[in-house]
Amino acid sequence: MPDMSAHLALTQLVPFAAEELDKNKVTPGVLGFVVFAALALAVWMLMKSMNRHMGKITFEEAPDPKAKPSDTPATTPGK
C-alpha cells in the first residue's frame, strides 16, 4: 500500500505545481547556462586542437608519373 499513497500524494501535488507555473516567465536558468557554456568551451577546445593538428600537415603533391617532363610547372628557386 505505500506505493498507492505515494502515487496519490504525487497526483495531489501536480495540479499545484501546474497552477504556479507561468508560461511567459519560464527561462533556462543556471543549469541551461552551465550546459551552454560547457558546450561552447568544448567546441572552442576542439577547434584549437584541430588548428594545431592542421598546422602540422605538410602536403606536397607528388608529380604524376604519366606526365611528360615538359608538362610539369617550373618551380621557382626561392621556394
Side-chain angles (χ1 to χ4, degrees):
M1 287 291 180
D3 295 331
M4 185 60 101
S5 62
H7 176 68
L8 288 174
L10 286 176
T11 57
Q12 293 296 322
L13 293 176
V14 170
F16 293 125
E19 290 175 7
E20 294 176 7
L21 181 64
D22 185 10
K23 293 182 180 180
N24 295 326
K25 294 184 181 180
V26 175
T27 62
V30 176
L31 180 63
F33 174 74
V34 168
V35 169
F36 181 77
L39 287 173
L41 181 65
V43 168
W44 179 74
M45 289 172 54
L46 284 171
M47 292 293 290
K48 190 173 179 180
S49 174
M50 182 190 70
N51 282 334
R52 189 171 40 235
H53 282 85
M54 292 297 281
K56 291 179 183 179
I57 295 174
T58 57
F59 177 74
E60 291 185 19
E61 190 171 343
D64 189 11
K66 297 178 183 176
K68 298 177 186 173
S70 61
D71 291 344
T72 58
T75 58
T76 58
K79 287 189 177 182

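All residue numbers in this chain count up from 1 along the given sequence. These numbers come from the heavy atoms of this one structure, side chains and all, not from hydrogens, waters or symmetry mates.
Partners of Val35 by side-chain contact (heavy atoms from CB on, under 4.5 Å), not counting sequence neighbours, listed by chain and number: Leu31, Leu39. Applying the side-chain contact (heavy atoms from CB on, under 4.5 Å) test to Met54 and every residue at least two apart in sequence or in another chain returns Met50, Ile57.
In this structure, Lys56 NZ and Asn51 CG are separated by 12.5 Å, a value rounded to the nearest 0.5 Å.
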